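Quick note on labels: first sequence line is chain A, next is B, and so on, each numbered from 1. Worth saying up front: this structure is predicted, and the values here are computed from it rather than measured.
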Amino acid sequence: MSLPAHVIEQQTITIAGLNKSYSTKQKGELHYIIQDVDLSIKGGEFFVLLGPSGCGKSTLLNMIAGFVAKTSGQLQVGGAEVRKPGQDRAVVFQQADASLFPWLNVRENVEFGLKMQKFAKARRKEISDHFIELVGLKGHETKLPRELSGGMKQRVQLARVLANDSHILLMDEPFGALDAMTRRSMQKELSQIWRQTKKTVIFVTHDIQEALILGQRIGIMTRGPSSNITHIYEVPFAYPRDPSSAPFLALEKQIQGHFEHEYSI
Amino acid sequence: MSLPAHVIEQQTITIAGLNKSYSTKQKGELHYIIQDVDLSIKGGEFFVLLGPSGCGKSTLLNMIAGFVAKTSGQLQVGGAEVRKPGQDRAVVFQQADASLFPWLNVRENVEFGLKMQKFAKARRKEISDHFIELVGLKGHETKLPRELSGGMKQRVQLARVLANDSHILLMDEPFGALDAMTRRSMQKELSQIWRQTKKTVIFVTHDIQEALILGQRIGIMTRGPSSNITHIYEVPFAYPRDPSSAPFLALEKQIQGHFEHEYSI
Amino acid sequence: GCGKQQPSEAAAGKLSLTIADTVSNPTFQVALTEGIFEKYNIDAKIATFATPAEGINALFINQVNAAYGADFPVLNAVSKGEYSIIASTGTGLSEQDAANWKLFVRDEVQSAADLKGRKVSNFRGTFVSYLWDKYLQQHGLTSDDVEIIGQGGFDESYVALKSGEIDAVWVTGATLIDKFASLPGVHQLTDMSQTEVRTGGEIIIPNALLEENAEGVKNFLRAIEEASQFIQENPERVADIMFEKVKQPRDMTLADLENVRWSLQFSEQAYETMNKQKDYMVAEGIIQQDFAVKDKLRLEALKEVLPERVTYEP
Amino acid sequence: MKLLTHKWVSVVLLWLFVIAVWQIAAGIYGPDIIPGPVATWNGAVELLEDGSLLSYIGISFYRVFVGWVLGSLIAIPLGLIIGRVAIVRVFAEPFLNFIRFIPPIAFITLFLVWFGIGEQSKIALIMYATLFIVMMNTLTGVLAVEEDKVRAARSLGASEWQILIYVVIPATVPYMFTGIRLAMGTSYMAIIGAEMIAANEGLGYLIWNSRLFFRTDWIFVGLICLGLIGFFTDRLVGLLGKKLLYRYGVVSSEPIRR
Amino acid sequence: MKLLTHKWVSVVLLWLFVIAVWQIAAGIYGPDIIPGPVATWNGAVELLEDGSLLSYIGISFYRVFVGWVLGSLIAIPLGLIIGRVAIVRVFAEPFLNFIRFIPPIAFITLFLVWFGIGEQSKIALIMYATLFIVMMNTLTGVLAVEEDKVRAARSLGASEWQILIYVVIPATVPYMFTGIRLAMGTSYMAIIGAEMIAANEGLGYLIWNSRLFFRTDWIFVGLICLGLIGFFTDRLVGLLGKKLLYRYGVVSSEPIRR
Ligand SMILES: Nc1ncnc2c1ncn2[C@@H]1O[C@H](COP(=O)(O)OP(=O)(O)OP(=O)(O)O)[C@@H](O)[C@H]1O
Ligand SMILES: Nc1ncnc2c1ncn2[C@@H]1O[C@H](COP(=O)(O)OP(=O)(O)OP(=O)(O)O)[C@@H](O)[C@H]1O
Ligand SMILES: [Mg+2]
Ligand SMILES: [Mg+2]
């Protein structure tokens, strides 16, 4: 982790007293999805957001991405208030089918952002070649998304945001739809890529093991409504991590205990 | 595990030299999905079928269920050749949405089999009350499936087959679509229910940890095409199992190693 | 299946009739509403069709057992089967009647000769093609000298003439004539009385009906005659009936009544007119099997009811 | 913007706008060609005064309703059979794909011949307009029943007949309902054709025959009534469906967008 | 059974069966009521001999084709606008839901007035028949574009305009295509109405005009030709779609079942 100080600065995410509410049918009554969230993520960090289903993880991520407007509070990226989506923040979605462009092949999907910014063709190819190779899709450049497996599609999403050179990656349960084995190998690779590229990552999941394999810090969100981040665990282990090592298992148990009482049907 | 001998006999599944092929477009050429499978499962056993995506786990399960006809070989349940679906073998599907009847509420879904067999109303209620309680859905009897969470839907499926008093449960990745935490609690409960009701279970998964939490024996299927069951692991641990215990982790690692070379993208 | 009459009724002279009518003809509507059919022991139903041709077609499928129409569809019908003409409605034959068909043309057309190469309207399924044929012949032209545009209604012709998409159209009916006359850039070139063409109207029924219930058929003719009288004497009442029954605007009914009056008859002229039109239709292939018009006439009932009106001698 | 997107406000504004455009167009083209809102209103009053407009609406509605209900009642079992029995489907599908290009109006003469000049032929024409659309949708629904549902029922001990009654039919309900609702649209469309057959009342008769009288205002009255009763009955059917068929997955009463 | 389900065998068998039933029915009811296959064939030969049938088919096909293409070309941008711009949608939807119950045939007089008696008015009528169905399907498609796609594009730096061109339009292609294909069916249905307007030729003219002379055999000839060219052009469009639009998710050339 040796980013220049101004880059770290530029990618820092500062959240203070952030609220999001939707008005319910009975007028006037507000329904808070998340309430009073404080959080600070510094550039280059791998931050995991862990929480039960429906607690508002996606909502928070979408606010950072600029897709959803906050109700009140402070939400800054690189010192500037977030108002709309920006190229500095890229998103990897859970459903690759919904977010990839099925009419474009692997290469065209990866080059999409570059094309929108009118990069020259040769330059686009150079960049996409690099990142397609990085995520291990070399040889599949001309396949359409529907010809790929679930894991491969997520690799395309990853390559797409990396090619666009966004510094912050917002990942919303990107491996949630993969089978157990593919998921494991994707976790490994993501961790590697992150260490190579030094992006700032916010990674949403509800799998404790996954959180522990990937994250430097793990923020725990409470059950909704009006959820916020009550506790942040530091994960002190070196990468790559061994999920069967004793300290890993101990921390896993600890976090699990944290949820136990919150969880029934 | 103290079933009478004749019951065990009656639920025993014997597979020998079983093949399944589909003819490909070029006529005559046969495409074997599974080839030469030998397997014997005795009554009351919890057997897990573990294998990579697309290897033919569902195909094998569907043959045992009687949904799909075998191409050749022997496939007997309780000494009789399987020719069509039977009430002795019940199936729990992966996609609860596709297999529950969305126009029936929880109770009606659970009573479906009983109604088909023209049980009296009072008797139906008695049985469904029992199994709805067993799977922990008491109080939700009049909800429609679309008003339930994923975990609850799988409980309905479970109650539905239990109410029908089938002795063999065929479960095709029943927890594959659940989130990590719900999945864990469902695994616990299934294991409990199995120990209470003494059913014969064939459970398909591709999650090694899940296989180890649940199964007495774990059959490993090779990659398709022409896959078969190359190796069967005995799991000697007592229930309930602790996934962070050293022998559990050791066996997990061993099985993982088994797959490693089979697994790339 | 409303057109089948029972033999027992025939004995009593009672007649069950389903009459194919068109929207703008008041005769049958009046006979029904004013109880004239009832008076003559006729149990009548009226089936309204958009054009006489469709009404006459309903004869073929036994949906109606009486119909009326102009020469053209009537000839077409009798050529096909066991149907007879029992009377002429007495309309259309006089010079005055013929003058009710006006030829409206765009101002560029000042004489028949100017029609060469122009677009003229043909009202499909009617005698207008025959009229054009004769009219053009009379002025030294043939059908090939003009472009004939088939049309299905006068509203179509009106719009097309107004916009200059057609140059000439034959029109009848008081309201329509007023409308066409007031179109800018359009004038009346001539009317049908200036041509040799006349077109009558006839009533036809299946032969079987005549054989089974001759008395009933006579009563039918008597009822029509009485209704025609009533119409002449009570135009306001007729206008009300027409509005109530088929929503024909009152002023339109009143204007039409001035020109169109049914008066059952059968004259030499009626026969001649039909004969000429038949020859044309055979020549044009509209009628496939030639026949003699006189074989299709069954005038005995009319002779008995209104002897002085039958002036045709076979 | 907030106010504009509020449904009733926007609908009222829309209609005011439409009426204004209409009045302007009428001014340009003259009443023979486009009768304005006022002329149309007067025409409507004329027809309302003697009660004929209401009776026309009633008659056309009755014809549409009966034809639509009967057509649907015939179409649903046919769709189920075609969907469930592969051999029937193989025979029926090419035929259906052929006949669906033939409009109801083409059958006017034939239905007149086959069903006479009474109500039967008119209702038959509406039935024809309804039949294929309901049949096709039912068929689609039957083919879309998840195999897992059928398998589940079978291994729970259901007979083939029980599977049809307790699984296939309920699972197909939303498709049937969509078909029935779409068919309502085509039924209204077919009413003009139906009332070309020896009719002297009904909205279709009004629209078609007013041509003969040059009463474009009455044509407009007829068209507007047709659109309005179509719109409202569609809403009604949508609401009923949502209320009664919620269990079966008919969850929206919104108009079908296609 | 194996043989029966084979497509060509079954289709041929079907037609033999249909023709047999038809001939029997014709025998029972007589040629005026149901012209049998032989009578129909003779009628067709009569029309074929002077070349009129082929020219009728050509002319009707041309009208359908032009109206359908133009209608689709207008409908797609309209559908995109209505789908993308909430304020337009709020205004347009109730209007569309009203007008969709008004059949093309009701517009004959108005179109005559607006477009004259030439090809224009006929083509305009076909366009009308096409317009709403393509518009509604495009609209549905636009509203079905996954929010994630739009969000992804936006955070990859696409402008609103680029999102429309590079995301919304390609994502909507399958819906447009479905609409266009369904609209082809309604276009064929509208041809009779279109050829009621001052036409001297065409299949619609044949069907409609044969009524006046009670040539039921010609009506049958017209109906069969209409069904056949509808069937074959639909297949053709389906195949073209599958070939050219595979990327966009148009993967089947099978007839749309509804
Ligand atoms: N547009 C909206 N209007 C009203 N409520 C909403 C809206 N979007 C989300 N919600 C509610 O906000 C809550 C949080 O949703 P969110 O998708 O952020 O949860 P999540 O933690 O991502 O869940 P999951 O793990 O299932 O993805 C949910 O209860 C949801 O119903
Ligand atoms: N009806 C069929 N015709 C031809 N091939 C088939 C058919 N059904 C399944 N297959 C093929 O059989 C193979 C095994 O499929 P199956 O669904 O049994 O795998 P699986 O192990 O259950 O996979 P997953 O873990 O993804 O559920 C696949 O390659 C599939 O393509
Ligand atoms: Mg989420
Ligand atoms: Mg499977």
Side-chain angles (χ1 to χ4, degrees), chain D residues 1 4-5 7 10-11 13-14 17-18 29 33-34 86-87 90-95 97-110 113-114 133 136-137 139-140 143 178-179 182 185 188-193 207-208 211 216 219 222-223 226-231 234 255 257-258, chain E residues 1 4-5 7 10-11 13-15 17-18 32-34 86-87 90-95 97-106 108-110 113 133 136-137 139-140 143 178-179 182 185 188-193 207 210-211 214 216 219 222-223 226-231 234 255 257-258:
Chain D
M1 181 68 200
L4 280 179
T5 50
K7 221 173 152 188
S10 68
V11 168
L13 269 179
L14 166 69
F17 175 75
V18 168
Y29 286 100
I33 289 178
I34 302 182
I87 185 103
V90 166
F91 277 80
E93 276 220 271
F95 186 67
N97 284 321
F98 164 81
I99 216 163
R100 73 194 183 88
F101 294 99
I102 303 177
I105 205 171
F107 283 96
I108 286 187
T109 309
L110 297 175
V113 170
W114 297 337
I133 211 152
M136 284 302 206
N137 274 277
L139 166 61
T140 309
L143 296 176
T178 301
L182 288 172
Y188 279 108
M189 289 217 178
I191 192 68
I192 293 186
I207 293 169
W208 193 243
R211 296 174 69 219
T216 32
I219 298 184
L223 293 181
L226 205 59
L228 283 179
I229 61 169
F231 181 82
D234 182 65
R257 282 202 186 94
R258 65 177 198 220
Chain E
M1 181 67 199
L4 280 179
T5 51
K7 222 173 152 190
S10 68
V11 167
L13 269 179
L14 165 71
W15 285 113
F17 176 75
V18 167
D32 266 349
I33 292 185
I34 303 181
I87 186 102
V90 165
F91 276 81
E93 277 221 88
F95 187 67
N97 283 321
F98 166 81
I99 216 163
R100 73 194 183 88
F101 294 99
I102 301 178
I105 205 174
I108 286 187
T109 313
L110 290 177
V113 169
I133 211 152
M136 284 303 206
N137 274 277
L139 166 62
T140 308
L143 296 176
T178 301
L182 288 172
Y188 279 107
M189 289 217 177
I191 191 69
I192 293 187
I207 293 169
S210 300
R211 292 167 65 231
F214 212 68
T216 38
I219 296 183
L223 294 183
L226 206 57
L228 283 179
I229 60 168
F231 180 82
D234 182 64
R257 282 202 185 95
R258 66 179 197 215

Which atom of P104(E) lies closest to which atom of M189(D), heavy atoms considered: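 So the two residues come closest at CD-SD, 4.1 Å.
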What are the two closest heavy atoms between F98(D) and F231(E), and how far apart are they?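 What the structure gives for the nearest pair is N-CD1, 4.1 Å.
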Do D234(D) and N97(E) touch side chain to side chain, with heavy atoms closer than 4.5 Å?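 In short, these two side chains do not touch, never coming nearer than 4.5 Å.
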Heavy-atom distance under 4.5 Å between the side chains of P103(D) and I191(E), does that happen here?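 Sidechains of I191(E) and P103(D): no contact.
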Any idea which of T216(D), V18(D), L228(D) has the most non-hydrogen atom pairs under 4.5 angstrom with chain E?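 When all of T216(D), V18(D), L228(D) are compared, L228(D) has the most.
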Side chain, backbone, both or neither of [X] within contact of chain E (heavy atoms, under 4.5 Å):
X: I34(D); result: side chain
X: I219(D); result: side chain
X: I108(D); result: side chain

Partner chain D: residue of L223(E), I207(E), I192(E) with the largest heavy-atom pair count (under 4.5 Å):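 With the most close heavy-atom pairs to chain D, the winner is L223(E).
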Just so I understand: if I count every heavy-atom pair under 4.5 Å between each of F101(E), F17(E), F95(E) and chain D, which residue has the most?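 The answer is F101(E).
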Please classify the contact of I99(E) with chain D as side chain, backbone, both or neither, using a heavy-atom distance under 4.5 Å.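 I99(E) has no heavy atom closer than 4.5 Å to chain D.
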Checking I102(E) against chain D: side chain, backbone, both or neither under 4.5 Å from a heavy atom?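 For I102(E), backbone and side chain are both near chain D.
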Would you give the length of the straight line joining atom CZ of R100(D) to atom OH of Y188(E), rounded to the nearest 0.5 angstrom?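 Here the interatomic distance stands at 11.5 Å.
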Roughly how far apart are I133(E) CD1 and T178(E) OG1, rounded to 0.5 Å?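 OG1 of T178(E) is found 10.5 Å from CD1 of I133(E).
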